[in-house]
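These numbers come from a predicted model, not from an experiment. Just the heavy atoms: all of them, side chains too, but no hydrogens, waters or symmetry mates, feed the values below.
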Amino acid sequence: MTYEEVIFYFVAALVIAGALGVVVAKNIIHSALFLILALMAVAALFILLAAEFLAIVQVMVYGGAVTILILFAMMLTRVRDLPAPRDGAQKPFAALAAIAFGITSTIAVTSTQFPGESDKINVIAFDSVSDALFTVWALPFEIASLVLIVALMGAIILARGEEGE
Amino acid sequence: MIPINNFLVLSSVLFSIGMYGVLARRNAVLILMSVELMLQAVSINFITFAAYLDPENFTGIIFAVFVIVIAAAEVGLALAIVLRLFRNRQTANVDEADLMKW
Amino acid sequence: MEQAWLIPAIPAAAFVVLLIAGPYLPRRGDWLSIAAIGASFVLFFPVLFDLVDAINADHEGFVGGVKSWEWISFPGFEIDLGFFVDEITIVMLVVVSFVALMVQIYSVSYMHGDPRYGWYFAVMSLFAASMLTLVLADNLLLMYAAWEGVGFCSFLLIGFWWEKRSAAEAAKKAFVTTRIGDVGFLIGIIMLWREAGTFNIQEIIHFAENGGYDSTYLTAAVLFLFMGAIGKSGQFPLHVWLPDAMEGPTPVSALIHAATMVVAGVYMVARMLPVFVAADAVALDVVTVLGLVTVLMSATMGLAATDIKRVIAYSTLNSLGFMFVALGSQSVTAAMLYLFVHGFFKSLLFLGAGAVIHATEKQDVNELGGLAGKMPVTTLTFLLGVGAMVGIIPLSGFWAKDEVLTVTDSEQSVAIFALVLISVFITALYMTRLFILTFLFEPKDRHAADHAHEGGPLLTVPLILLAIPTVIGGLVVFDSVGEALGFPGGFGQFVWLEEPEKYKFHADIAVMSSAVAVAGVVTGWIAWQGKAELATRVRNAMSPVATLLSRRYYIDDIYQWGINNIVLGVSTIISWFDRVIVNDTGVDGSAGLSYFAGYEIKFTETGRLPNYALGIAAGVVIIGVLLLVFEVKI
Amino acid sequence: MEYVLLSLIVIPIACAVLFVLVPSHYPQVTRYIALTGGLAMFTLSAVVFFVYEFNGGSGLRYDLQWDWLEDVGFLGDHGISFFLAVDGIAAPLVLLNGIVILAGVFVSWNITHRPKDFFVLLFLLVSGVYGVFISQDLFFFFFWYEVAVLPMYLLIAVWGASSDFGTFTRTKEYGAMKLTMMLVAGSVLIFVGIFATFTEAGLGTFDMTELRAVTYSEDFQKWCFPFFMVGFGVLAGMWPLHTWSPDGHVAAPTAVSMLHAGVLMKLGAFGILRVGIQILPDGAEFWSPVLMTVGVTGALYGATSALTQRDLKYMVGYSSVSHMGFVLMGLASMNTIGVTGSVLQMFAHGVMTALMFTNVGAVYDQAHLRDMTKFGGIARVMPRHAAFFTIAGLSSLGLPGLAGFVAEFHIFVGLFQAGYWWAGAAGILAAALTTTYITRMIARAYFGPLNERWEGLKEMRIGEQAAAALLIAGILFMGLWPAPFVDRITDTVQTIPGIG
Amino acid sequence: MTGTNLDWELLAPEFIIAGWALAVVLLDLFWGRLGKEPLGYVAAIGPLAAAGVSLIWVDDTRNFGGLIDINDYTTLFRVFFGLIGGFACIASARYVRQGLLHPGEYYALILMTVIGATGMAAARELLTAYISLELLSFSLYVLTSYAKFDLRSNEGGLKYMLLGAFSSAFLLYGIGLMYGVTQTTHYDGIGEVLSGYTEDIEFAMYLGLALIIGGLGFKVAAVPFHMYTPDAYEGAPLPVTALISAISKAAAFALMLKLFVQAFIPLIDDWRYFVAGIAVATMALGNLVAIQQSNIKRLLAYSSIGQVGYLLLGIAALSPESASALVLHMVGYVTTNLAAFVAIIVFYNWSGREEIHEFRGLAERAPYLALSLTIALFSLAGMPLFAGFATKFILFQAAAQEDLLWLAGIAAFFSFVSLYYYLVIIREMYLGQPDETTRFPTPWLEYAALTVLVAGVFFVGLYPKPLFDAVEDSTDSIFPPAAEAQSVTQP
């Protein structure tokens with residue numbers, strides 16, 4: 001076991017723990033905190049995968065924006081004042097479906113010999129990513145900007161209070 | 001060297017956990033968080049494939065960037081809708097939003 | 001001769017004119033109808049003379065088409081409309097045209113003042129046209145068509161006074177009952193066609209005589225054919241409609257239900273007799289037996305009937321049975337002879353009865369009586385008719401009956417002969433009864449009798465004209481009479497099946513039958529004279545039998561029961577089945593099933609987001625697993 | 001001449017468009033347009049029928065072929081073409097349709113509830129019927145087939161009548177819905193059959209003349225034919241899929257019943273012949289005993305059911321089932337005489353049943369009652385009406401000289417020739433049962449003492465009389481002089497392979 | 001990717017729409033006097049103009065950066081979606097005036113959906129397709145919840161959004177796996193790899209395929225991924241329902257068709273029966289449950305699920321012939337559906353009702369409206385004279401050609417079932433007695449739009465040749481040349 005693997009297992013454990021925390025925690029604030037843990041751990045994974053750029057994006061977007069947004073939303077919806085939402089009778093089926101999917105996908109990926117498979121993690125240069133993003137992938141980039149505008153517009157319109165509210 | 005399967009298995013486990021969260025939890029915000037977990041799994045997958053198998057085109061990296069962007073936007077929009085739900089009926093519990101059925 | 005088709009065509013044209021323009025014609029066009037049938041009657045003579053000339057020129061017999069038109073034709077199937085005249089045709093033709101003429105003349109007076117006077121004559125014309133077509137048809141299909149046509153006219157005329165419920169019902173009964181027989185007739189026709197490939201009667205006969213048919217097949221075919229005759233000629237077991245048919249105007253009964261239409265069955269069997277002969281013997285046995293049953297049954301029922309027309313109707317059945325017995329004995333001569341004279345004397349009887357009804361407006365013999373003095377012409381002609389029916393020498397009926405008895409004696413077993421003889425006795429008995437109750441002794445209803453008087457000449461002249469052939473018609477059996485008229489010989493020389501039948505006077509049979517007939521008359525006189533004490537006593541003593549007879553052996557009741565409970569029962573069950581099982585269960589049920597399925601399935605749509613998500617997840621997982629399980633090739 | 005065929009389809013549609021354009025407060029204008037259109041269609045139908053040229057051979061006359069969709073998708077040259085032609089089978093039916101629609105216009109003269117909409121739908125239906133009879137392209141055949149079914153729902157549901165029979169009720173909505181659903185269910189099967197045939201032929205064309213020329217494998221024919229048989233059979237009132245018919249008639253307004261029983265049901269039988277038998281003769285041969293059995297069952301079953309019906313429309317409806325049973329029997333005989341008889345019966349039943357519905361409608365309009373036991377003696381107040389009904393009944397029971405006899409006789413002969421003794425005998429028996437219920441109806445409703453309640457009834461309207469006269473002319477024409485019909489029909493039937 | 005051409009002018013129609021969207025927002029912001037209703041008509045100009053502009057590239061075969069095809073397929077859908085967008089704006093105008101806030105953004109979002117949909121149809125690569133799909137979806141999420149104070153709108157939006165995100169995750173996971181086995185996201189690249197696939201990659205490949213089918217199944221609303229549809233349809237403001245039913249479905253099918261044709265066709269024998277099974281389940285459920293509905297929007301939602309089943313037939317029977325048949329039917333269906341919705345919107349604008357029994361007596365109060373709706377419903381049921389018959393016939397026949405006769409038979413059967421519930425609506429309109437007898441006023445512009453759509457329904461139904469030719473040209477352009485050559489040899 002190389003040191004990389006050790007780090008991997010550690011980070012992976014954090015990811016799983018965080019994720020499990022999100023889905024099982026009774027208190028929603030705890031869930032949110034676990035989410036931050038999981039997201040940060042994933043960012044660490046990205047670094048392991050030599051995708052530092054994405055790790056940064058991850059930390060900035062999720063660690064910053066998304067979690068803050070979620071916490072804000074929870075405060076706005078005063079989740080504390082409400083009785084803890086029970087998890088319904090669907091839980092066993094949920095578990096069943098999730099486990100079935102987990103097993104299936106695990107078997108699938110482990111049974112697959114991906115073509116050109118190597119154990120080497122290739123370092124992808126920062127600048128080549130940015131190059132690609134603004135040349136080859138310029139169009140999705142543009143469209144993504146429209147998506148963001150739509151989301152922004154939608155969020156504002158829907159969230160803002162109207163007269164008489 | 002970390003075998004590629006480590007990442008892929010992790011991703012599938014993470015995806016399953018997220019899936020469980022969506023299916024089992026009742027709070028809209030929690031469901032949203034679970035979806036985020038699933039999208040994280042997707043990102044891990046993309047990056048893994050890009051890093052191990054596709055260093056020339058690294059489409060996976062690009063894809064992961066967009067996934068993250070979209071996920072963020074999604075959270076923003078979804079929270080706005082949840083907020084609207086809460087304003088209208090004082091609950092964030094998706095179970096109780098069953099005005100329309102059958 | 002080629003213009004024989006005009007004989008039915010003229011009345012047919014008259015019908016069309018009357019139907020369209022009738023209400024606008026003077027006298028509603030009765031003269032047109034009479035003129036048409038008169039023309040047909042006149043046209044009969046050239047046809048007859050032509051035929052006689054042909055026979056005299058060639059004693060081998062005359063066979064010839066008169067005229068035929070192609071009606072439907074394509075490879076494998078041809079139907080011609082053709083007319084054909086031979087000796088049998090001629091006999092029937094004269095009866096039909098003459099009696100029809102007489103009856104129509106009679107009707108002018110009888111039907112006078114009826115609101116549907118014009119309609120009556122129109123239908124009478126149609127009937128004449130149909131009946132003449134039936135007689136002249138050279139193929140079975142045209143015959144069938146005319147056969148149905150006369151049946152329909154009969155329906156219309158029985159139901160002429162349809163405001164009476166009983167008339168409407170009787171018309172329906174007559175039509176339906178004869179149609180049942182026609183089912184068999186049509187099947188028989190098609191069966192004969194199937195092998196012979198033609199509907200032409202002569203060709204079928206030729207085909208049958210040359211052994212073209214398998215004998216079992218042919219037997220079945222002719223028995224089906226005979227079903228038609230059973231229905232039309234009122235043979236047991238389809239005889240029930242004829243007595244009820246007396247609901248129609250009396251002239252109609254005289255024409256249709258005595259002289260012409262009802263004998264169509266006899267005529268048809270006579271035409272087709274070579275085919276019957278070619279079939280297994282059982283075919284003719286059936287004809288004989290059914291004829292005999294009818295004879296006995298109708299004769300006994302005639303004893304109990306009280307309606308004057310019904311009694312005559314039973315006597316008609318009786319006579320028809322007689323003719324079939326003759327046919328069953330393979331004697332066209334006897335049957336046609338009887339048919340010939342029967343047409344005259346039976347229509348005479350009916351018209352006489354009509355005169356009585358016209359005069360008294362009663363038709364129950366228990367309310368009549370004592371009319372002899374008031375209506376001498378009627379009484380006398382009626383008496384002649386009765387005599388002919390009973391078979392008193394030398395009236396026409398005697399000769400015909402004698403022929404029948406002779407052939408029965410020679411062709412059939414003694415038992416049958418004996419039964420026929422018994423029927424002669426009973427016939428004499430009830431005919432006597434009828435005459436006594438109607439015309440003699442004290443009137444039961446004095447008021448009616450007082451008002452009775454002889455009708456005008458339009459009523460009496462036809463009676464007299466009909467009485468003439470009734471008296472002398474039988475003499476045609478004698479060669480000398482025939483030769484005097486220009487024929488090759490007597491009736492037997494003229495109409496025969498295999499070889500000319502020379503008339504031989506069988507003294508023993510004549511004596512025997514005359515004795516029986518006279519015995520019947522005498523017995524009847526004793527029983528019903530005066531206050532009919534003997535008859536009443538006998539009736540009281542044998543009341544079950546009397547009831548049986550007056551209830552017509554319960555056959556009508558059985559049929560009615562069968563119709564009500566079986567036919568209509570089945571119909572009700574099927575209607576119920578159709579509505580409840582086929583429709584409400586089968587059709588609506590399957591619709592309901594879809595509806596119910598939709599109702600159940602819609603509850604999968606719970607309205608709860610996590611359930612929806614589960615659906616998506618489950619769907620994906622299932623597709624994934626199945627794809628992996630089925631498609632991965634390890 | 002080929003444009004005559006085109007105009008047969010175009011005229012009703014053009015009339016329908018005109019109706020839409022005429023403002024609804026001019027009902028009289030609408031009526032006169034309808035009359036003009038009806039007369040035009042009648043005339044052109046008669047022209048098609050009488051000017052029909054005999055040439056044996058391909059059996060098609062006046063063909064007109066316009067490509068509609070070709071060389072796209074799976075379609076080759078002439079993939080789907082607007083292909084019109086008449087043959088000997090279609091010619092009498094075109095005439096029938098002309099007669100019935102003109103009569104239908106006469107009868108509908110007095111419709112006051114939204115006459116405009118009524119005529120739009122009625123004419124649409126007629127165009128569909130014409131289209132089916134003269135289309136030689138399978139796609140358009142089916143197209144027009146559905147067009148003919150389509151307006152039925154509204155025609156019945158809006159202008160129909162609900163009935164209460166004491167133990168059960170039949171609303172017009174129910175009748176309309178059931179009728180539409182069952183007919184469309186039948187077309188599902190036809191749909192499948194068409195797909196299968198087209199695929200199997202592999203020609204890339206729906207041209208029926210070309211599809212007929214293909215020799216299909218026996219197995220294919222065997223499994224495919226039932227789709228056509230049952231699918232078209234529904235519209236032909238094939239037992240046990242007939243229940244839409246009596247209930248539909250009970251609900252439908254007069255003109256719709258006329259067209260429906262008179263023409264529309266023929267489409268089903270025509271479809272079995274045109275598509276089923278002509279394209280898949282071996283399949284037809286194989287299935288003919290089954291078709292025969294259901295035909296016989298239908299004939300007897302319908303007649304027996306009609307025996308106890310008290311509602312006039314039910315009686316006529318069941319009699320239609322019975323008579324369509326004859327049609328199916330004729331088809332199943334698979335020989336020239338039988339099939340000819342079958343087509344003759346389509347015509348005969350068409351005019352006759354239309355006449356019956358004209359009469360039922362006439363009396364119902366006045367009395368608002370159709371229960372024959374409640375009538376009695378109305379021949380006195382409505383003598384012509386009684387006479388017309390009687391003529392229709394007589395044709396129906398097969399009285400020689402009227403159309404019904406000619407047709408039924410051919411069918412029976414065909415059956416006997418084909419060796420179906422039992423079927424022939426059963427058919428003749430069914431005809432005898434017909435006598436029973438027809439005479440029963442006449443005796444009940446028209447004869448007997450006049451019920452005082454009905455003294456106020458008046459004779460049929462002049463329009464209805466005109467309609468009746470027209471239909472009777474049709475009955476007599478075929479009954480007395482069937483040769484024109486038989487010649488035309490056999491001209492084509494003899495060329496159909498598989499029909500002996 | 002050197003030598004990539006980035007000819008931005010190829011995207012002119014999208015720029016026009018995007019610019020127009022901005023303009024509409026600004027117009028609303030700075031010139032409020034214009035009013036809510038005219039704004040809709042102004043907004044409609046954008047997509048219509050874009051549709052016109054896109055005709056420049058007819059018969060062209062180019063691509064933008066290897067991401068977007070500019071060929072007949074794209075052109076067809078650009079025009080089509082542009083028209084849908086235009087009609088949606090026009091149909092919305094009065095409705096928005098009566099019941100919605102923020103009209104500028106509303107129209108802008110509609111225009112955005114057009115861009116997203118076009119991108120989905122035009123994409124020749126999964127990332128672009130995905131992003132476009134999200135653009136479309138996001139816009140629709142917002143539009144669905146646009147009636148802010150309507151609980152049902154809110155609820156529908158929530159369900160749509162969360163489930164959409166959930167299913168996107170599946171789709172992405174599937175794309176990821178597919179990317180893993182092929183190292184590319186280009187359709188043709190994927191197709192190339194899959195056509196010579198080895199046992200090594202089978203597992204991930206099939207799982208990826210399943211997930212992609214699932215993800216796209218959600219977008220087209222196939223059973224069992226359909227459950228959000230009725231709620232979203234019912235909740236959304238009426239014009240938005242129309243838009244969802246039209247554009248979202250059409251775009252998803254455009255994407256699916258192109259993806260399956262170019263990428264997954266080597267595996268057709270593997271997925272064919274799964275798609276067929278989904279198709280059967282979809283049409284069964286959609287049509288059977290639709291019978292039970294009392295709300296017209298919900299009924300049309302289920303009916304659209306049923307329609308998806310028919311459309312999936314074209315995917316299951318994938319071939320050049322069935323592809324063109326699929327697109328043909330889709331165009332016909334969407335036109336018809338829009339006509340139905342426009343009629344319902346007009347009715348709703350006037351009466352504020354949307355329950356089926358409330359359509360009672362419409363034929364007397366607004367004959368033209370009732371007639372149009374009847375035509376649309378009959379067309380949906382597949383009755384002749386109208387688009388539904390011809391296109392369904394061709395589609396089912398195309399499936400039958402590919403040995404899926406049984407499936408075509410089932411589809412025909414359920415199309416028969418669907419007739420029932422359409423007739424129920426027609427019955428209400430023509431048989432019911434209206435509560436009030438006042439006539440509806442005549443909204444000329446809406447009626448004009450309705451007339452155009454109904455004319456389209458007739459046109460497709462009576463003379464589909466031009467459209468079918470265009471559709472075939474377009475689908476031919478997405479098939480690899482080899483397949484095209486093959487299709488020529490076939491009759």
Side-chain angles (χ1 to χ4, degrees), chain C residues 72 74-75 568-634, chain E residues 155 158-163 166-167 169-171 173-174 199 202-215 217-218 222-231 267 269-271 273-275 277-278 281 284-293 298 301-302 413-414 416-417 420-421:
Chain C
I72 286 174
F74 56 87
L568 294 183
V570 167
S571 169
T572 310
I573 290 170
I574 286 187
S575 307
W576 176 86
F577 174 83
D578 192 55
R579 202 176 66 245
V580 176
I581 306 290
V582 176
N583 187 53
D584 293 359
T585 309
V587 176
D588 291 3
S590 51
L593 209 61
S594 318
Y595 195 81
F596 181 71
Y599 181 75
E600 287 296 316
I601 295 172
K602 81 172 182 183
F603 292 111
T604 57
E605 192 79 23
T606 57
R608 298 184 175 182
L609 192 145
N611 297 149
Y612 294 5
L614 185 63
I616 295 172
V620 169
V621 170
I622 289 168
I623 294 173
V625 170
L626 289 179
L627 254 179
L628 290 177
V629 169
F630 285 116
E631 303 298 348
V632 170
K633 292 172 267 302
I634 301 172
Chain E
E155 180 182 323
L158 180 75
K159 285 172 178 170
Y160 192 10
M161 163 99 228
L162 288 182
L163 292 171
F166 185 56
S167 74
F170 282 108
L171 178 63
Y173 201 82
E199 286 178 13
E202 271 186 339
F203 280 93
M205 177 182 80
Y206 283 127
L207 186 61
L209 184 61
L211 290 168
I212 291 174
I213 291 176
F218 176 87
V223 171
F225 317 107
H226 66 287
M227 288 169 160
Y228 73 95
T229 323
D231 294 355
L267 302 181
D269 291 331
D270 298 332
W271 49 258
Y273 292 100
F274 286 89
V275 175
I278 292 174
L285 184 137
N287 286 313
L288 288 177
V289 180
I291 297 174
Q292 301 287 331
Q293 301 308 316
R298 212 167 165 80
Y302 280 108
F413 173 75
F414 282 112
F416 142 70
V417 171
Y420 175 78
Y421 53 81

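Using a 4.5 Å cut-off between non-hydrogen atoms, no part of residues 576-586 of chain C approaches chain E. Close approach to chain E, defined as a heavy atom under 4.5 Å from one of its heavy atoms, is seen in C:Ser594, C:Tyr595, C:Ala597, C:Gly598 of residues 588-598 of chain C, taken by number.
To the nearest 0.5 angstrom, C:Leu628 atom CG is 9.5 Å from E:Glu202 atom CD. Between atom CG of residue C:Leu627 and atom CZ of residue E:Phe274 there is a gap of 4.0 Å, rounded to the nearest 0.5 Å. Taken from CD1 in C:Ile601 to CG in E:Leu288, the straight-line distance is 5.0 Å, to the nearest 0.5 Å. Separation of atoms CE (E:Met227) and CZ (C:Arg608) is listed at 13.0 Å; rounding is to 0.5 Å.
A 4.5 Å side-chain heavy-atom check between E:Asp231 and C:Tyr612 finds at least one atom pair inside the cut-off. Residues E:His226 and C:Glu605 have side chains in contact (heavy-atom distance under 4.5 Å, counting atoms from C-beta outward). For the pair E:Leu163/C:Leu609, a side-chain contact is recorded, criterion being any heavy-atom separation below 4.5 Å from C-beta on.
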*asked:* C:Val620 vs E:Leu211, test: side-chain contact (heavy atoms from CB on, under 4.5 Å). Steps then yes/no.
replied: CA-CA 6 Å; C:Val620 169; E:Leu211 290 168; 3.1 Å; yes
*asked:* Between E:Ile278 and C:Ile623, is the side-chain contact (heavy atoms from CB on, under 4.5 Å) condition met? List the steps.
replied: CA-CA 10 Å; E:Ile278 292 174; C:Ile623 294 173; 3.7 Å; yes
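When heavy atoms are compared at a cutoff of 4.5 Å, C:Ala617 approaches chain E by way of both its backbone and its side chain. C:Leu626 touches chain E through backbone and side chain together, each having a heavy atom under 4.5 Å away. Within the 4.5 angstrom heavy-atom criterion, no atom of E:Tyr273 approaches chain C. Only the side chain of E:Phe218 comes within contact range of chain C, judged by heavy atoms closer than 4.5 Å.
Annotation for C:Gly619 and E:Pro224: closest pair CA-CG, 3.6 Å, computed over non-hydrogen atoms. Across all their heavy atoms, E:Ala210 and C:Gly624 have their closest contact at CB-CA, 3.3 Å.
Every residue meeting the side chain to side chain contact (heavy atoms under 4.5 Å, CB included) condition with E:Tyr420, not counting sequence neighbours, appears here in chain and number order: D:Met177, D:Met181, E:Ile291, E:Val424. Scored by the ring pair (Phe, Tyr, Trp, His ring centres under 6.0 Å) test, C:Tyr599 finds C:Phe603 as partners (sequence neighbours excluded).
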